[in-house]
Amino acid sequence: MTYDQSVLDQLKEKFGASSLHVQQTKDGLPTVYVPKEKIADVLSYLKNEVPKPYKMLYDLTAIDERTRQHKENLPQADFTVVYHLLSFDRNSDVRIKVALQGEYPHIPTVTSVFTNANWYERETFDFFGIKFDGHPHLKRLIMPPTWEGHPLRKEHPARATEMGPFRLPDDKQDREQEALKFKPEEWGLKRASDDTDFMFLNLGPQHPGTHGVLRIILQLDGEEIVDAVPDIGFHHRGAEKMAERQSWHTYIPYTDRIDYLGGVMNNFAYVQAVETLAGIDVPDRAKVIRIMLSELFRLSSHLVWFGTFAQDIGQMSPVFYAFNDRERIFDIISAITGDRMHPNWFRIGGVAQDLPKGWEKMVSDFIRHFPKQLKTYDKLVLKNKIIKARTVGIGAYTTEEAIEWGVTGPGLRATGFEWDFRKKRPYSGYEQFEFDIPTGQNGDAYDRALVRMEEMNQSLRIIEQCMNNMPEGPYKSDHPVTTPPRKERTMHDIETLINHFLNVSWGPVIPPGEAFFGIEATKGNNGYYLISDGNTMSYRTRIRTPSFAHIQMVPYISRGHTIADLLAILASIDYVLADVDK
Amino acid sequence: MNEVVKYLLIIGGVLGVMLSIAAFLIWYERRMLSLWQDRYGPNRVGPFGLFQVLADMIKIFFKEDWIAPFADKWVFIIAPTFVVAAVLMGFAVVPFAPGIAVTDLNIGLLFFLAMSSLGAYSVFLGGLSSNNKYALLGSLRGAAQMISYEVFMSIALMGVVLMSGSFSLVDIVNAQKNMWFVVPQFVGFVIFFIAGVAETHRTPFDLPESESELVAGFHSEYSGMKFGMFFVGEYLGITLISAMIVTFYFGGWLGPAFLPPIVWFFIKTFVFITSFVLLRAALPRPRYDQLMSLGWKILLPLALLNLLVTGAIILTVGA
């Protein structure tokens, strides 16, 4: 992927070259430091004025720079706030950075420029203690309100053993319980309007319709939703923090569990980001194996979505059919990788093993079996009148709204906008495959369902092409950082043996630099932004997940609908809580 | 004396048979659903898993009899008994076979409608007394749904009454000797069937429960045998509605002589019970307002039209 660098000149022309500082990164993504006072102007210029504008705030995060060793050619900073913008017109990105000084620095909010900056800024405040001046509701988002410290700061302990033993004295218990009490005002909700008292319904975190520990506070007038406030963070496992104490190699299993329905799809983004940093070229066979496994996981994830979508609308049976077919996929996946949902199978520089004997038969059996199942599903669910009545026109948004809220994946394509990273920014050889990008028209719950159903057909096509055109050759690169190196060679030459020993015992050392890699995952665009400080561990790992953006949009699209509609909307979004909370 | 013993036997028999059918239905539904959903269902306890119900019953009897501390205690306890009592009372007028009925009331049909209306109290009071928002929403939906659908149910039945000239269920069955009422009263049958599904709040009209939205709807707070009452009440309700469909539209016990009348009655009833289960396996749930507009905007005019046409034909042709 080559990015459009002309934006740097446009920025220099507009804001003056002296106030900007361009950084070279490993991924070639144009990266520029701007002064903190100008951040809102810069983003507003990029979003609204620049030719071929950057319409989407793709990600917003921060870096604790205080212990970073390799800061050559970087402005002096204790913290850096990073804005990642995406332009659909240019098919390019730009990374804007702001260097901040001080222990708990302040920076102006950009919520007035990008609506979806709201949650990202809250998350950054929560994790780093950076205050966003002017933010409408700067409260903790992921961590509990009583949490002490900001976990992604370098001084915050990463292991429980680095903290004192856990104690719960009475006064602390009282504080915790007090914090759990629901006060509508703290959530920015009014108790009553001029003519009615609202009912507040606590939907979740334990609720059969939320698919995991998502809590949504509903402000109801009868059954009509006046406002909804998602409360997330119950599934937070500190994945980004863990990356800072796992070797580059041993972090792969953790990525499996981000979008836990996507399996290797998470590895895919991560290892490609590491490979970009290390400059590894992956052999063709490994590329195609990766694509095949990813598409199998796309099918399996979409099948879970399909089953639960029908179930949330009250149809009981489809989930069983879908799970039966998912088992067939898992049979293939476990034959190849040895595990079902979290195979931890991609490696830096390739995949863990070559394909087993007889894999073609398993895959071709499935390819024969599945299309007629899809037809049944279509008839059973999507053609069903009640399903249509429940989903057509529900939770609709336009392409502009989707972009404003950072929606990617099927949710974006359902609005009629053909944007798929596999086509637009082909990675791992997707450009060599024939497949279509299904789109919808209305951006409602029904169209989102239609798009996903058709995506399953397309994934099947890709898998078939993988099967018929699987290249011969090694399944791993011979690059020294490939971890673990190919076993066949370790016993024959000393270089590989040393590499093997070092990479396994110590962990591969990745040269310093920054790289981002995003892929079209099951639920939208999943990206890993990695910063290496020339060490065996990542200095900062930022995971950009699609579900986070999608859940932030829920209140916007569910206002005025009923509770039943909210469940249909949630079902059609297809999120995974682990993907929201990381 | 003999008369008294006979009646006691019939009452005891009907109670016993109905309660065991309800229990059996729990197993039956689970097995049928799993058959349609490519899975096994309960198949471990006893032959074909038949004793699963027994095991469940033992479990549910010995569960802690928990009453939510914030609930309205007495109403909370009484609510589940309404549905079981009302439905069991409804069976009093069901003519299983000639001579096998608890009573042949001359207003049997009205008695059935009255009893099935009482079931709504169970849903309403259970949800209201739980003092839980999900239960409240469920019971509001339930009360509105059941009361609305009762209207079309009774109007649909008036066609049958016009044709047989009687409110007595025995007379209604006897009037079908030449032709089952399902033929001339097909529209009435469809409306009655739909209303029956709504009345028993079964899928696709299970809005008072709507598991994926309201957790368990009106009985969210119930557990142990009090929940069991709602559960058994639901299956009794299915049996009663199926028995009524058979009585009103499918000739009750009537059938070729090679099987005794009571067997015919139960065979026909089971066909409809199975269709209830099939509906649950197949259909999603409409939204509350869609359910209501289907009722008031389509079923009500249709039921009235049916009544009008039936009346007009009987007036011109003669009964």
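In this text the structure is predicted, and so the values were computed from the model without any measurement. Residue numbering restarts at 1 for every chain, and letters A, B, ... go by the order of the sequence lines.
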Between B/Leu283 and A/Gln315, does the side chain to side chain contact (heavy atoms under 4.5 Å, CB included) criterion hold? Intermediate values first, please. CA-CA 5 Å; B/Leu283 288 182; A/Gln315 198 171 20; 5.9 Å; no
Salt bridge (charged side-chain N to carboxylate O under 4.0 Å, His left out) partners of A/Asp447, counting only residues at least two apart: none
Under 4.5 Å, heavy atom to heavy atom: which of residues 558-567 of chain A reach chain B? Give them by number, or say none. A/Thr562, A/Ile563, A/Ala564, A/Asp565, A/Leu567
Side chain, backbone, both or neither of [X] within contact of chain A (heavy atoms, under 4.5 Å):
X	answer
B/Leu33	side chain
B/Gln37	both
B/Arg287	both

Is it the case that more than 12 heavy atoms not belonging to [X] sit under 6.0 Å from its [atom1] atom?
X	atom1	answer
B/Phe48	CZ	no
A/Lys385	NZ	no
A/Phe234	CZ	yes
A/Phe198	CZ	yes
B/Phe24	CZ	yes
A/Glu185	CD	yes
B/Lys297	NZ	no
B/Phe272	CZ	yes

If you count heavy-atom pairs under 4.5 Å with chain B, which of A/Ile313, A/Ile387, A/Thr210, A/Leu220 comes out on top? A/Ile313
Against chain B, label [X] side chain, backbone, both or neither, depending on which of its atoms sit under 4.5 Å from a heavy atom there.
X	value
A/Leu218	neither
A/Met199	side chain
A/Asp312	both

Kindly state each residue pair satisfying side chain to side chain donor-acceptor pair (under 3.5 Å) with at least one member in residues 123-140 of chain B, sequence neighbours excluded. B/Asn132-B/Glu221
Would you say A/Ser317's side chain and B/Ala281's backbone share a donor-acceptor pair under 3.5 angstrom? yes
Below 4.5 Å, heavy-atom pairs only: which of B/Arg280, B/Arg285, B/Gln290, B/Arg39 has the largest tally toward chain A? B/Arg285
With sequence neighbours left out, the residues meeting ring-ring contact (aromatic ring centres under 6.0 Å, His included) with A/Phe200 are A/Phe182
Taking every heavy atom of A/Tyr321 against every heavy atom of B/Trp36, the minimum-distance pair comes out as OH-O, 2.5 Å
Smallest heavy-atom separation, B/Val215 atom then A/Pro208 atom, equals CA-CG, 3.9 Å
Can B/Arg141 and A/Glu223 be said to form a side chain to side chain contact (heavy atoms under 4.5 Å, CB included), step by step? CA-CA 10 Å; B/Arg141 286 181 182 187; A/Glu223 270 208 48; 2.7 Å; yes
